[in-house]
Amino acid sequence: MASMKDETEKVVAENLHSFMGFVEKNTLRFITHLVQKSSSVNSLKNEVRKSCGGIGDVDSFCDSLWNSLKLSKRRLRTQYEEDDEDNEYYAAIASTSKKTKVEKKEKNDTSESEDDERTKDLKERDEFAARLREKDKQKTRNIVENSDKKSFEEAAKRLKLQDEDRKKILPQLRIESRRKYLEKRKDDQLALLEGDILDEENLFNDTPLSKAEQAELEYKKTVLKYAKDHDKARDLEKIQRYHIPKEDGKPFEEYVEVDDTEKAPNAEQRKWEEGRVELAKLSVGSKDKHEKMGKNYDLVLEAEVEFVQALSLEGQNYKKEKEIDPFAAKKLSIEETRKSLPIYPFKQQLIDAVHDYQVLIIEGETGSGKTTQIPQYLHDAGFTKGGKKVGCTQPRRVAAMSVAARVATEMSVKLGNEVGYSIRFEDCTSERTIIKYMTDGMLLREFLSEPDLDSYSVLIIDEAHERTLHTDILFGLVKDIARFRPDLKLLISSATLDAEKFSTFFDDAPVFRIPGRRFPVDIYYTAAPEADYISACVVTILQIHVTQPLGDILVFLPGQEEIEQCVEILQERQRKLVSKMRELVIRPIYANLPTDMQAQVFEPTPPGARKVVIATNIAETSLTIDGIIYVIDPGYCKQNSFNPRTGMESLVVVPISKASANQRSGRAGRVAAGKCFRLFTAWAYQHELDDATIPEIQRVHMGNAVLMLKSLGINDILHFDFLDPPPHDTLVLALEQLYALGALNHLGELTRLGRRMAEFPVDPMMSKMLIASEQYGCSEEVLTISAMLSVNASVFYRPKDKAIHADTARRNFFTPGGDHLMLLKVYNQWAECGFSRQWCIENFIQYRSMCRARDVRDQLQGLMDRVEIELKSDPTEIVGIRKAITSGYFYHVARLSKTGGQHKTIKSQQTVLIHPNSSLFEEKPRWLLYHELVLTTKEYMRQIIEIDPSWLIEVAPHYYKDKEIEDTSSKKMPKQVGKASGELTRTYPKL
DNA sequence: GAGCACTGC
C-alpha cells in the first residue's frame, strides 16, 4: 500500500508532466515540499509564485494539482473503507452516534489519522464554542454598561411622546384623511365623467338618443368643460387656489431624498414597524356606521348569490361591555382597563395553578388580556425574585414590540428596563429586565448560548395554536428542559381548538380556561357551490352594499393577482352603477404592496360610504382593521409546501381549514355584531375542510432547524419529541445535506464547520457559502449576495401599468455570470448612491426590501466576525464569487440535456426551466447553479449563475463523480485523475 | 414568456 508521501509525489509528478511536458527531479521534490507545507490551495499558489514565478499559468496548475491531491488522498482512504461505507453513510444519516464504528480489518496510518482528525476537529469545535460563550458574556457586559445611557432612554422617551402625540394627532389625522379623500374623489369623478361621455359618444353613436338622454350628455359635457377650464385657469394664472396634485405630472415629486437619520441602521424598518404599532393602537372608526340606509335603491343586481344562514358564532361577554365607542374606552384609567379584562377575575386562581403545576395550558380567546396580564400577575406573585425573568414568546415582531410597550406603560416603567423586548436586529432589554417579550425564533437562538435557559423562571409560549416552525421546535426543547429543571414553569397559551392536543403532549398538563370577549357573528353559507370565487366575491360585495346596513367589508383572497383582478372588476361595476348606489371605497392590501398604499387601509371610512378591504391572509392574523362588520370568505388561501423527494417548493391555492375559516369569521365581530358570508356550502365546511391547517414544520425544508438542534446537542433527530413530527424524508434530506456540506461527520456528530454554520440564521447551504467565501477572497461580495437572496425575490417592483419600464430598468442590471452577480450589482449601486430612496424609485426597486437586505447584511457581517472569518473584498473576482457560491450550493446544479434544449438536475434528473425573470433566460448556459426550485405554473429555477463543471469536483469531490460531468471537455482536469476518481463513492469532505 | 400567501432568525 502506497504511503501518503509516495502518493503525493506521484500526483505532483503527473501534474508537472501534463503542465510542462517533462518532469525534472529537483522541481518535483521542491513542489512536493511546497505542497506539504501549504494548508490551502491559495497558500500553495503564493508559494509557487514566489519560488518559480513566470513559469506559466500558476493558478490553473495549482488548482488542478490541489484537486488531484484531494482526490487521491480520498482514494487512498476509500480503499480501506469501501466494505462498510454504505453502512456508515446511513449510520451518519440516522445519526445514531451510539453506533460504534465498525472495526477495520487492517488498522493503518491513514484511518488512524482520520480518527485523529475527527477527535481534533471535535476538540476544535468545542474550543470554538467556548470562545463563543466568552464573547456572549462580554457582549452582555457591554450591553449592561451602555444600556441605560442611550437606547432605552430614547425608546422610552419616544414611546411617551407618541402617547401624548396620539391624542393630538387624532383629529388632525381625520381632517387630513378627509381632505385627501376629497381630492382623490374629485379626480376620480372627473375621470368617470370623461369616461361616461366617451362611452356614450362612441358606443351608442349608432342608436339615436332620446331627448332626455341628449340633454344629460350635453350637461355632462358642460360640467367637464367647466372643471377643466378651472384647472387650466389655475395653471395659467398661477393663482394659488386649492391645489390638487396631478396624477401624471411629476410622479416622483413627493418623494424626498433621505436625510441622515434615515441612513442609520434599521431606520426604515423601524419606522414601518412603528407605523404598524401605532395603527394597531389607534382605534379609529367611522362613527356613524350604524346609520340605517335612508332609502331603497331600485338597483337590480345582475346576478345574486343565494345564502343560507347556518349558525352563528356566539359572542362572549359582549352584553356588559358598554364601551363600544373606542373613545370612551380611552377614558378609563389604566387600572380600570386592567380590571375590566375577562382574565382579571381569574388572577388568583391562575397564580395558584402555576404554583401547583409545572406545565399549564392556557386556553383563551383573543381579547382576554392574557398576553399582557399573565406576566404581570406572575411578577406580582414573586416569580421574578432572585433576578429570574418571565419570558413570553410571540410569533411576530410587531406583536412583541407593541405588547411590551403596553405592559411597560401599565407598570409605569421605561420600556427596556424592567419590561423589554428582543427581536431580530433589535434588543431592547437590560440586566434589569424581568418581563421579556420576544419572537419565538429569538428564544430559539437564546438556546444556543444558554441551553438550560437558567435565567428564566417562567416561559410563556403565546399564540401556540399558530404552530409556526419556531414554536413547534420550542415545544420539544422546552419539554426537554422542564424535566431536569423542576423550578421552571411553562405556560402554553392557545386558542380553543388545540388545547387538548397540547395537554396530551405535555404529559396531560391541566388546561386553564379563560373566556374571551367577542361579539356574535352570524355565518351564512351559499346554497350551492360557486364556480368562480372572484366573481362570486364581487357579486356578494355589491349585494351586501345595497342590502345591508353600513359597515365595512373584509374580503379574503389568496394572492396579489386575485386581489388586483377583483379590484379591477369592482371598480368597473362601480363606475357603471355609480349614480345608483352609495359610494364604495375599495382598498387592497397584501404584504408586497408598498407601505404607503398599505396604510390607506386604515384610513377611516368617510361618513355615508362603505369601505371594502380586499386582503390576503395578512388580515387573518397579522393586522387588525377596525370597523369591519362583514367578512366574505371564499375559503381559499395560498400555501407553501416542500417536497423532500424533489427538493422543490410549491406555492399553490388550497382550501382553508375549519380553524382558519373560524379565525376569518371572527374578524367580523371585533367592534360590533357582524356577519360572515362563506362562499362555500355548509356541507363543504363539514366534510371537505380539514380541522386545522397542516403545521408549518411539516411543510418546509428543515436544513437550518436540524443544524440548530444538532448544535444544541440533540443527536437523534429522527426520534426527537416533536408535537407533530416532520416527514421522515424531510429530516433525512436535511441530514444528508448537512453531511454533504461537511457540517456533520460520518458519525453524525457536529463538526467544527457545522458549529460555525449554526451561528448563521440562514439555510445551511448559504452559511457554507459564506464560510467558503473566505478562501476565495471575496467574503464581502458573498455577504451582499446572501443578504440580497434573503429578501425573498421581492427586490424588483413591477406595477402592472408600468411593466415595460420596470422590465427595462431590470435589464440594466444584467451582468455576465448570472443573477447572483446581478443582485450584487444592484446592492452596490444602491450603496454608492448613499442608500437613496430616490434611486430605488427610479430603478423600480423596492426600497423596503433593500433596507432589509442592508440590515441582514449588517447582521451577517457581525456573525462573520464572531465565527472568526476574515472579510476580504475583490470585486473583480467573478470566478471566485461563483466558486464560493458553488461550494455551498453544489446540490443545486442543472445542465442542458443533450436532447431537447431543456435543463435537468444532476442528481434527480428532473426537467427544470429557467425562470423568465432570470438574466440568463435567453442565454441558456450548459451548466448552471440555481438558488431555489419552485413549482408555480411550471418547475422553475430562480436565481441562477453559470458555472464550470470542473468547479464541482473542486468544491465537492465527495459528492460528484467524474462520470456525472464527463461529457463536457474540462480544460482544468487532467484525464488520468478523472479516471481514478470515477471510482469514488461518497466520502466525508475534509474542511 | 411568468407572477412572490404569510411569518421569522
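So you know, we letter chains A, B, ... as the sequences are listed, proteins then strands, and number each from 1.
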Note to self: Please confirm whether the shortest side-chain N or O distance from A/Lys638 to OP1 or OP2 of B/dC6 is below 4.0 Å.
What the structure shows: no
Item to complete: Scan A/Asn917 against the nucleic acid and name what it touches under 4.0 Å (heavy atoms): base, sugar-phosphate only, or nothing.
Response: base
Result for 5'-nearest mapping on DNA chain B, choosing between A/Phe921 and A/Asn704, is A/Phe921
To the nearest angstrom, the CG-P distance between A/Asp472 and B/dT7 comes to 19 Å
Looking only at B/dC6, B/dA5, B/dC9, the nucleotide nearest the A/Ala591 side chain is B/dC6
In whole angstroms, the gap separating P of B/dG8 from OH of A/Tyr421 amounts to 13 Å
Of the listed B/dC4, B/dA2, B/dC9, the closest approach to the A/Leu651 side chain comes from B/dC4
Side-chain contact check for A/Arg445: nearest option of B/dC4, B/dT7, B/dC9 is B/dC9
Does A/His931 have its ring centroid less than 6.0 Å away from the ring centroid of A/Tyr889? yes
Rounded to whole Å, CZ of A/Phe796 lies from C1' of B/dA2 at a distance of 15 Å
Separation of B/dC6 atom C1' from A/Arg699 atom CZ, nearest Å, is 9 Å
Taken to the nearest whole Å, OH/A/Tyr636 to P/B/dC6 is 19 Å
Residues A/Glu620 and A/Gln663: closest non-hydrogen pair is O-NE2, 3.0 Å
Check whether NZ of the Lys or CZ of the Arg A/Lys924 lies under 6.0 Å from the centre of the six-membered ring of A/Phe921 and within 45 degrees of that ring's axis.
yes
Review point. Looking at A/Phe844 versus A/Phe796, is the centre-to-centre ring distance below 6.0 Å?
Key: no
Q: Pick base, sugar-phosphate or nothing for A/Phe760, based on heavy-atom distances below 4.0 Å to the nucleic acid.
A: nothing
Whole-Å distance, A/Leu913 CG to B/dG3 P, equals 10 Å
#### Entry: Carboxylate-amine/guanidinium contact A/Arg396 A/Glu466, below 4.0 Å
yes
| query | Which part of the nucleic acid, if any, lies within contact of A/Arg396, taking any heavy atom under 4.0 Å across all strands shown: a base, the sugar-phosphate backbone alone, or nothing? | reply | sugar-phosphate
Notebook entry, point to check: Under 4.0 Å between a side-chain N/O of A/Thr439 and OP1 or OP2 of B/dC9, yes or no?
Noted result: yes
Check your understanding: With a 4.0 Å cut-off on heavy atoms, is A/Gln859 in touch with a base, just the backbone sugar-phosphate, or nothing at all?
Key -> nothing
Considering only heavy side-chain atoms of A/His470, the closest of B/dA5, B/dG1, B/dG8 is B/dG8
Exercise for the section: Tell me what A/Thr616 touches on the nucleic acid: a base, only sugar-phosphate, or nothing, going by heavy atoms under 4.0 Å. Expected result: sugar-phosphate
Separation of B/dG8 atom P from A/Asp440 atom CG, nearest Å, is 9 Å
note: A/Ile804, atom CD1; B/dG1, atom C1'; distance rounded to Å ~ 14 Å
